[in-house]
Structures are given as C-alpha cells and as structure tokens.
Amino acid sequence: MSNKYNPAEIEPKWQQIWAEQQLYKTVEDPDRPKWYALTMLPYPSGDLHTGHWYAYTPSDAAARFRRMNGYNVFFPIGFDAFGLNAENAAIKHGIHPAKWTYANIERMRGQLRRMGAMWSWEHEAVSCDPEYYKWSQWFFRKFYDAGLAYREYAPVDFCPTCNTTLAREQVWGDDRHCERCGTPVIKKNLEQWKFRITKYADELLDMLDQIDWPERVKVMQTNWIGRSYGAAVVFRTEQGDALEIFTTRPDTLWGATFMVLAPEHPLVDAITTEEHCAEVEAYKEQAARLSEIQRGAADKEKTGVFTGGYAINPVNGERIPIWIADYVMMGYGTGAIMAVPAHDARDFAFAKKYGLEIRRVITGPDGATGPLEEAYDSKDTGEMINSGPFDGTPVAGAVAKVTEWLEANELGRGAVNYRLRDWLISRQRMWGAPIPIIYCPNCGIVPVPYEDLPVLLPDDAEFKPTGESPLKYHEGFRNVKCPECGGDAERETDTMDTFMCSSWYQYAYISPYWKKGEKLKADDMPWDKAAGDYWLPVDQYTGGIEHATMHLLYTRFFTKALRDLGIVNFDEPMLRLFNQGMILGPDGEKMSKSRGNVINPDEVVDRYGADTVRGYLMFIGPWDQGGPWDMQAIEGVHRFLHRVWAVVTEDAQLEKPLLEANRAPDPAQERALERKLHQAILKVTDDIQNFRFNTAIATLMELNNYLYKVRDASVVNSATWNKAVRDLILMMAPIFPHIADELWHRQGNTSSVHKQRWPIGDPEKAREEEITVVVQINGKVRDKLMMAPGTPAATLESEALRLSNVVKWLDGRSPRKVVVVPDKLVNIVV
RNA sequence: GGGUCGGUGGCGGAAUGGCAGACGCAGCGGACUUAAAAUCCGCCGGGGCAACCCUUGUGGGUUCGAAUCCCACCCGACCUACCA
C-alpha cells in the first residue's frame, strides 16, 4: 500500500468496491424517511463536459449527505435519448440513430462512473428504449382519451434547419430563434397535435406558492403564463359582425377612437372596402413576410393601414375606424384591440403618426383635462371624464365598476386572458416516440389501441440529406390497417416532442421499463405502485435554469394531468428545486469549441483525480452562481487533499502510545481542539444542507490547518485528536467520497465510510470560553476586552471604561451614551 | 420598456446590522535541497517611521454603529417584451 496520496490508484479501486458491494442499491424501507434526490438527466451527446460535472457532483454530495443523516436516498440517473443530434449523425454517417445513441450512452456511462457518484444504476432509464416510449405513448393515449391531446390546424412555428415545428416555449429571444439550433423560426399553417396545458394555467400559477423553488423560476413561469384580468367587450362592424376584444382597461372604453386588428385577423377581408383593398392586401403581404424574418424590435416605428371599415363602440354607439397594424398580434387575446390613444402608449404613438383622434377620458393627477403629451396610463390616480354615466368616478376601482356595468347591460363580461399557449408536441422527425394515431379514410382519427403499444420505430429507416423524416417515406411504417374497420389506413408519421419523454422520467426511474414485454391496458399503472407511493414526489430537484419555461413547466403540467387521471395523488412533481449556475471557461466566457476555452474533465481527472475535480467545482463559489474555471486554483483543493492525507496517515503510522511519556496532556489544548471540531461540524452541516459547498470546504480546510497547528502538541493520539480526525474524514465523505473511504479504512475501519452516520455538532462544546468584546468610541474600534460569554452588560461597560486606551481617547470627556451588546461590543458615544 | 440577480484586495470569494477581506489562488520572505520541483513555516487591501488615517460601484438617508436596511443614480449578467 502506497503511503502517498495517489487518486489514480484509489479512485478506481473504490468505485469497483462500491459497485461490487452494491453500496448504492436502493430498496424501499418504511422505517427510514425517504429522500428522492433527482438531477436533470443528460442528453447522450457522446461526451461528458465540465457542465455535467458542475451539475452532478454537488447534487451527489448533497444526496450523500442526506444518506449519512439517516435518510433512505433514491438518486437515479438515465438518458434523455431521443433527439435530433442522433438523426443528424445518421444522415451524416449513415448509421441508425439507435446505434449512435447507444454507443454514446455506453461511453457516457463510463464517464459518469468516474465521478464516483452514488447513482442507483439499477434504476437507469433510457427514453429511446421501446419499453420506455411504450409508456410515453400510453400517456399520450390517456391524454387523448381525457381530451387533453387534440389536433388543430393553425399557424405554428417551424424551424427550417431542424425541419420541424416547435412549441412556443422552444422559440427564444428577440429574433424568435429555435432553442436548439439558433435559427430564426418561420410561420407555417399546419395540422398539429397539442396538449391542453392551458387548462391548467391557473393551477400552474397558483400552486407556485406551494413549492420551494427559486424565485426567479417562479417569476419566469408567472410571466410565461401571463395571466391578466380585464374584460371581453363585443364591438360590431358596420356589417354587423361581432368583433370581440380583450382589454385590461374597460374603464377607458369611452376613449376608444379607433380599432386595430392583426393583419391575419379573419374579419379583415370582410370589412375592407374596395377603395382600400389594394393597400390592405399589400400591408398583409408585407406583415406576413416580415413575420417570417422577424417583426423586429419593440421600439420599431409603428405601421398600419386603414381598412375603410368602421365599428360601433357598444358603450356610446360611436362609429370608429378600423385599422390593421402588425403591433397587434393574432396569437394574443382575440387579435383585435380597441385603441385608446390617450391612455395607452402604443395606441398614442400610432394615433400621433396617423393623425387619429386622441380623447382624454381620465384626468391627470392634478385634475388636468387638457391635451396630452404622452399616454397617461395610471390605474390609481385621476377620475373618469367624457365617459357618460361614469363621469366623476375615481379611476381606482373603476375597472370593476365598469365591468359590472358591461355585464348588466350585456355589452361584455369580466375576462381573464393568458399568454400561455397549448403545448405543440408534433415533431416532423424520426428519432422520437411515434404519436400513436392512425388516420382512416372511413373512421377518421383512430388512436392506436392500448394493447398494440408500442408503435415501434423501424430499424431500417432511410435517412435522406433533405432533412425530412424517414418515417414519412417508410411504407412499412406508414401503411397500416385501421384498428376499427380493418381497412387500409395510414399512421401518423410525426413523433412527440422529446420534452414529453422527460416530463415523466422521474416516475420511470421508480420501475424502469415496467411491465416489460407485456401488453398494456387503459387502466394500467405505469410503475410499481407501492414503490411509487414510497418514493414520490421528488424531494429535491437540481438542474439548470434554462429549463424554467420548458421542461419545468411541462413536467408540472404532466403531473397535474396524471393526478386528474388518478395515477398520482399529489399536485406537484418536485417539492424543492435548486438551479446551479454555469461553469465558464478560464476566459470568463461560455465554454465552446469555437472559442477554444473548453476544459475537458477527463483530462483534469487524469491529472488530479475525481475528488479534486469534485471539490474544486464546489469550492469556486456559490453553486447557483457558477463562474470561470481557474487553471491554478484547482491546485489549492488538490493540495488540501494531500495535506489531509498526510496528517491522517502520518498519525496512523506513528503507532505511539496514546501520549508520549514525557509529555503531560494539556487540557486547554484538547479543549481548544474539541471546540474547533464542533464549530466545524455545526458549520459544515448547515452549509451542505443549504448547498453552500464552498464555505463547507473552507471550513474543512480550516479544521485541517488547525490539526497541523496542534499536531506537535501533546493532544496527538489522544481521544480528542482521534475524534477530530475521524469526524474530518466523515465530513469529507460527501464531497470527496474516494479519499474519505480510503482514509477511513486506513484508520482501521472495515465498513464503508458511506454507511456511517454524520457527526453531530454539540453547541455546548462549540462554545467559546472567552469572547473578544470590541470596545468602540463613536463607532470606531479602540480596544478589546476578553470576557467570559454571558458577562452582564453593566460589567462590560465598567470594564470598558477602565481600559487605558479608552481613558486616553475620552480625554476627560464623559460618555453621552454607552451601547452594550452582550458578547459582542461596547460602543461609547461622546 | 418591464422583471430578476449582482458590483467587496491582483484574482475566485467570505462576512446579511456589531473587529471587512474567512478559505483558496497568485505574489513576497524563510527552512529543506548541489539545484529545481514538491513540501513545511511566515507575510500578504492602500497610505504612513509611528500613533493613526483611508477602503465594500457613486451620491444621499436611517442608526450609537451600514458591505449588509431605505432612496436616487451608474455599471454588468440573465430573463422577457408592441401582451392590449
């Protein structure tokens, strides 16, 4: 056995021993509290990068900590294995996506094992396995039966590079680009499958209060769902067509001097007069073209054209012109607005530009009624004017009063509007779970019967460089007999959004590939119910913030849908969430091949070992903050491990009697060490519990430095010393699992350090016997007192006033006031 | 435009109303070595010989006392956006 710390030797050794002893195998145990620790599963790109290490090793440390604290911890891992990369590789290299994917998974399993994490590998789930996607299809079928899955012809976002439609959540940024590849999306009119997530809009919003998630994720989801209260008011065109609008300001209805429709609005053609026809057509075309590129920045100059048509304002019977403009979106509200230029900035700008009437219906804060320089949009200050029966009504509370009046007069009603759209799940790609639907010329849309699941992906698909899904051209796949009439029919060739597969993986882990090879039924249970009842829901979820309005929204919806289907009996899938930050390259920029700032974790592990890499990543700073990789700073953590190794193994080799005969035990030193130890235990316990790994490691370093300081003193090999060394090893176990187990065994233990209980810090033993009390004069430190804790304020004051420095600074003046904070300070004010 | 988070030594960061800079990196000095590396010990915000003074983006405020709380502003990161 080598006496030097050699991670290359001990790390593979312990990884093998842990695997052989099935140290991390999980079984349900009703006698222990359960803890389901989940971390976002990787996409099998083929290489584990530093970001994976940054996401996974701290969550592993937290899981290990829970385990040492008596929890029965479930910490599974798997692969989100469908997706376009595999398909692109297939087109490029002519290999089937499954082959590419499974080869990558195999490689990544090896890389993941090098982290030394405590994953329950026996629960691994791979979403592209037919025994997995059989259930993804089963859920689709359940949603279809429940009316939560439907097919709709509508304008949708399409990525021309990925050759597929996208959900609204997967279109990002100002330029509306594809979340996956960055290409700006285009609009297409297509018939697509959607999930009715909007049914749960209120619940998704309101239940955010019940989960312990980071505030910024809650804010992002709140904004994304975008609930706003107001009124729906029905205007009429002169031809008599109803023209419904949504407004958050029904109190400004009397100020509506024109209306604006989105260029795509279905009534545009009906209201456009012959005279304006050419202009309107031209504008519509321009808007359509623009939306394909992009409608541009928000501060863009507003444009629009008059249709020649008029509408009747229901509250005052006024005839107002109808315009079309691209600042009104078909995808929000009804695609039509009443324009109140006096009290809406956008309408104001539009009215100014086109010379439309601006009529003030709310007074200014000072009672002003004159012409406006800019839109006045206060909901709190002012009163209504030029508003018929409401003149004189204070604007605060006016929305409710007007809404009531609208309802009483059957002109409109209170309404809630959401920004959230239904989740478009159709993807025109091959490498995904096929949507289990058959189109029959006689029977129409026919869902694949439960017992016929899964609808398998063909393994002889032909990949064309056109980027189109091979399923479309695969006769054997596409042609099918109708399950109802037995006649010739065709399968749906679109597959499901991969976010569908990752919406339920936390359940798949419970019993991976449940009912393997069995036929499914409508009333099946997708996992072992008893195991699910024990483990669910997830107690702690960790992962990146980039999924705030995608995966994290979808999986919440999914769980609510499952609850309504009677499959789960809770409302929220993940009770706590923590978002780690992003690890950056040494230059402080996002790691990327093109920047050449990528740190390859394999190489760093080769050089320093997994424990050092784990510890370094956790030592950089707060986990949710991320930060740049520092080539040199990692040495500090590595050095720390060497120093721990040295002090522990040297001590073990000493084999000297408990205390050398010529040295008397020094109770003061022993007490000091004991105090330091218990302070460290309390601090490290609190820190790890709250994911503050950086300060936890700093505390371990401090304790180790202290051991160095006292190692030549008479405490060495005393019971106090041995306890300190033992607890240091225990506290290192979650973050540095390999070196901890090695040192633990070298201390003579035979059972793994990872089966031990976390040390308990005793606040009594951690307490200082003497406290430095700062003595200030006018808030400036002038002297210090060493006092016993709990010394009464009066004593502190009189002691402080006797200090020579204090006497000198007072210079004969008498204190005006003395502030005493026991155990902290005395502040003398003159 | 709106929202969220942040701004502390040469660097990563600690301290969330009570001694600013824990811990680590880099740097400096010393021990060991023929020498270097490694290791160990010490120093390490700025000014000043010193007593002391200055110092947490800027300016105000609250307080006996502010990096921490409040107001205004500047800068940065992320999210979001003609949302009616």
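The figures that follow rest on heavy atoms only: side chains count, while hydrogens, waters and symmetry mates do not. Labels below follow one simple rule: chain letters A, B, ... track the order of the sequence lines, proteins then strands, and each chain is numbered from 1.
Residue Lys780(A) is in sugar-phosphate contact alone, with no base atom involved, counting any heavy-atom pair closer than 4.0 Å across all strands shown.
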Review item, nucleotides 29-32 of chain B N/O atoms under 3.5 Å of protein N/O:
none

Using atom names, set out every protein N or O paired with an N or O of nucleotides 38-48 of chain B below 3.5 Å, distance rounded to 0.1 Å.
unit_1	atom_1	unit_2	atom_2	d
C40(B)	OP1	Arg643(A)	NH1	2.7

For this session: Quick one, give me the B/S/- string for nucleotides 3-12 of chain B, reading 5' to 3', where B means a protein heavy atom under 4.0 Å from the base and S means that only happens at the primed atoms, P, OP1 or OP2.
Result: SS-------B
What donor-acceptor contacts under 3.5 angstrom involve side-chain atoms of residues 776-789 of chain A, with partners at least two apart or in another chain?
unit_1	atom_1	unit_2	atom_2	d
Asn778(A)	OD1	Val830(A)	N	3.1
Asp783(A)	OD2	Asn805(A)	ND2	3.4

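U80(B) and A15(B) have their C1' atoms separated by 34 Å, with the value rounded to a whole Å. Look at the P atom in both C71(B) and G3(B): the space between them is 13 Å, to the nearest Å. Comparing U68(B) with G18(B), their P atoms are spaced 11 Å from each other, to the whole Å.
Among residues two or more places apart in sequence or in another chain, the side chain to side chain contact (heavy atoms under 4.5 Å, CB included) test is passed with Ala724(A) by Leu673(A), Leu677(A), Leu707(A). Take Trp629(A) and apply the ring-ring contact (aromatic ring centres under 6.0 Å, His included) test, not counting sequence neighbours, and it matches Tyr616(A). For Trp254(A), the ring-ring contact (aromatic ring centres under 6.0 Å, His included) partners two or more places apart in sequence, or in a different chain, are Phe390(A), Trp405(A). Partners of Phe619(A) under the ring-ring contact (aromatic ring centres under 6.0 Å, His included) rule, at least two apart in sequence or in another chain, do not exist in this structure. Residues that satisfy the side-chain hydrogen bond (donor to acceptor under 3.5 Å, both in side chains) test with Glu702(A), not counting sequence neighbours, are absent from this structure. Asp212(A) is linked by a side chain to side chain contact (heavy atoms under 4.5 Å, CB included) to Arg576(A), counting only residues two or more places apart in sequence or in another chain.
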For this session: Would you write the dot-bracket representation of RNA chain B, where each base gets (, ), [, ], | or . depending on whether it forms a Watson-Crick or G-U pair under 3.5 Å and with which partner?
Result: (((((((..(((.....[....))).(((((.......))))).(((....)))..(((((..]....))))))))))))....
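Under the side chain to side chain donor-acceptor pair (under 3.5 Å) criterion, the residue pairs touching residues 329-343 of chain A are Ser228(A)-Tyr332(A), Tyr332(A)-Asn417(A), with sequence neighbours excluded.
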